[in-house]
Protein chains: 2
Amino acid sequence: MTGTGLGIGEVARRTGLSIDALRFYEREGLLVGPVDRDAGGRRRYRPLDVEWLGICVRLRESGMPLADLRRFAGLVRQGPGNEAERLRLLDAHRRRVDEQIRALEECRSLIAWKTAVYADHLARGEATGLWDPTA
Amino acid sequence: MTGTGLGIGEVARRTGLSIDALRFYEREGLLVGPVDRDAGGRRRYRPLDVEWLGICVRLRESGMPLADLRRFAGLVRQGPGNEAERLRLLDAHRRRVDEQIRALEECRSLIAWKTAVYADHLARGEATGLWDPTA
DNA sequence: GGTTGATCTGGACCGCACTCCAGCTCCTAG
DNA sequence: CTAGGAGCTGGAGTGCGGTCCAGATCAACC
């Protein structure tokens with residue numbers, strides 16, 4: 001029997017984080033609590049840890065800096081009583097995500113327009129509207 | 001008279017890039033051609049340069065690495081004849097942007113759900129479903 | 001002529017988020 | 001017993017994308 005919880009390799013596979021990143025996150029205080037260790041000193045992640053790491057991954061993917069993640073983890077670690085602050089933090093982040101989506105959509109439409117210009121140009125041979133700094 | 005073209009400070013204001021970044025981009029070969037200089041050796045950006053920089057900003061905002069931007073700039077610098085490759089490059093980037101938007105929207109909905117949980121909790125005092133690692 | 005403000009160059013430095021490494025321990029299978 | 005594989009620690013190194021700085025020059029105005 002492997003004991004309770006998951007080993008670091010398994011957690012890495014499940015979360016998509018590297019083993020090094022998992023140890024790094026722990027050193028940086030991004031977890032909601034100390035990770036259990038087995039008799040030999042190896043990490044054993046409980047389901048809660050893994051779930052939290054999943055959230056970390058999402059927040060990171062959406063551009064939250066580690067510093068903010070650390071603050072959030074700190075609030076959660078303190079336990080109940082600071083929900084208002086957690087809410088503020090998440091809400092501010094959501095607004096940033098909205099803004100990112102908006103900006104990306106704008107970029108996307110510029111790119112789509114440019115690709116359309118090139119595609120059109122290729123479809124009919126020489127055409128106008130191309131970048132040509134030699135002009 | 002200030003002569004033709006814009007000074008670096010003005011271009012920085014218009015593009016949102018810092019003066020240092022503008023010089024850095026130039027050193028890194030991200031521009032479509034050499035920037036003009038006035039009698040005193042100062043940069044004078046032509047409208048085409050500024051327009052290209054605007055595109056750079058968009059592409060960077062949407063996560064294109066400088067290396068790709070450099071490749072694209074190189075193609076444009078070469079002049080007509082490589083439109084197919086420019087198209088491939090932009091198209092690949094558009095797909096990455098689409099993927100980013102998708103991922104961000106997923107993150108957004110997780111965050112929205114979490115904030116709803118906290119908001120609900122705050123609205124009615126103690127409730128369930130909160131992170132509490134002390135449990 | 002002097003001051004002020006923008007710009008120049010080359011090169012050092014920075015923050016972020018990891019990633020890699022040496023040298024060690026521990027567990028399991030054969 | 002031994003070989004292999006997963007994991008451990010502390011610390012150094014990496015890649016990206018700029019940012020900062022010293023020391024000089026230049027243009028314009030008073």
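All values below come from the heavy atoms of this structure, side chains included, with hydrogens, waters and symmetry mates left out. Here is how names work: the chains are called A, B, and so on, in the same order as the sequence lines, proteins then strands, and each is numbered from 1.
At whole-Å resolution of the value, CZ in B:R23 and P in C:dA6 are 13 Å apart. Atom C1' of nucleotide D:dC16 and atom CG of B:L69 are separated by 14 Å, given to the nearest angstrom. When rounded to the nearest whole Å, the span between CZ of B:R43 and P of C:dC8 equals 4 Å. The nearest whole Å value for the distance from the CZ atom in A:R27 to the P atom in D:dG11 is 10 Å. To the nearest angstrom, P of D:dC16 lies 11 Å from CG of B:D68. Between A:D20 atom CG and C:dA17 atom C1' the separation is 12 Å, expressed in whole Å. If you measure from atom CD of A:E26 to atom C1' of D:dG7, you get 13 Å, rounded to the nearest angstrom. Atom CZ of A:R44 is separated from atom C1' of C:dC26 by 13 Å (rounded to the nearest Å).
In terms of position on DNA chain D, the residue among B:G41 and A:G40 whose nearest nucleotide sits closer to the 5' end is A:G40. Along DNA chain C, the nucleotide closest to A:M64 and the one closest to B:I8 are compared, and the more 5′ of them pairs with B:I8. Mapped onto DNA chain D by nearest heavy atom, B:P65 and B:A39 fall at different nucleotides, with B:P65 at the one closer to the 5' end.
Relative to the side chain of B:A21, the nucleotides C:dC18, D:dG18, C:dT7 differ in distance, and D:dG18 lies closest. When the nucleotides C:dC18, D:dC8, C:dC8 are ranked by their closest atom to the side chain of B:R37, C:dC8 comes out on top. Nearest to the side chain of A:I19, among D:dG7, C:dT19, D:dT19, sits D:dG7. Proximity note for B:R60 (side chain, C-beta onward) versus C:dA17, D:dG17, D:dT19: the nearest is D:dG17. Of the candidate nucleotides D:dG11, D:dG17, D:dT9, D:dG17 has the atom nearest to the side chain of B:F24.
Side-chain N or O atoms of B:E28 include none that pairs as donor or acceptor with a backbone N or O of B:L66 at under 3.5 Å. A donor-acceptor pair under 3.5 Å is absent between the side-chain atoms of A:R37 and the main chain of A:R44, judged by distance alone. Although no hydrogens or angles enter the test, the distance criterion places no donor-acceptor pair under 3.5 Å between the side chain of A:W52 and the main chain of A:P47.
The shortest distance between the side-chain N/O atoms of B:Y25 and the OP1/OP2 oxygens of D:dG18 is below 4.0 Å. Taking 4.0 angstrom as the limit, B:R42 places none of its side-chain polar atoms (N or O) nearer than this to OP1 or OP2 of C:dA6.
Rounding to the nearest 0.5 Å places CG of A:L17 at 11.0 Å from CD1 of A:I19. Distance check: B:L90 CG to A:K114 NZ gives 8.0 Å after rounding to the nearest 0.5 Å.
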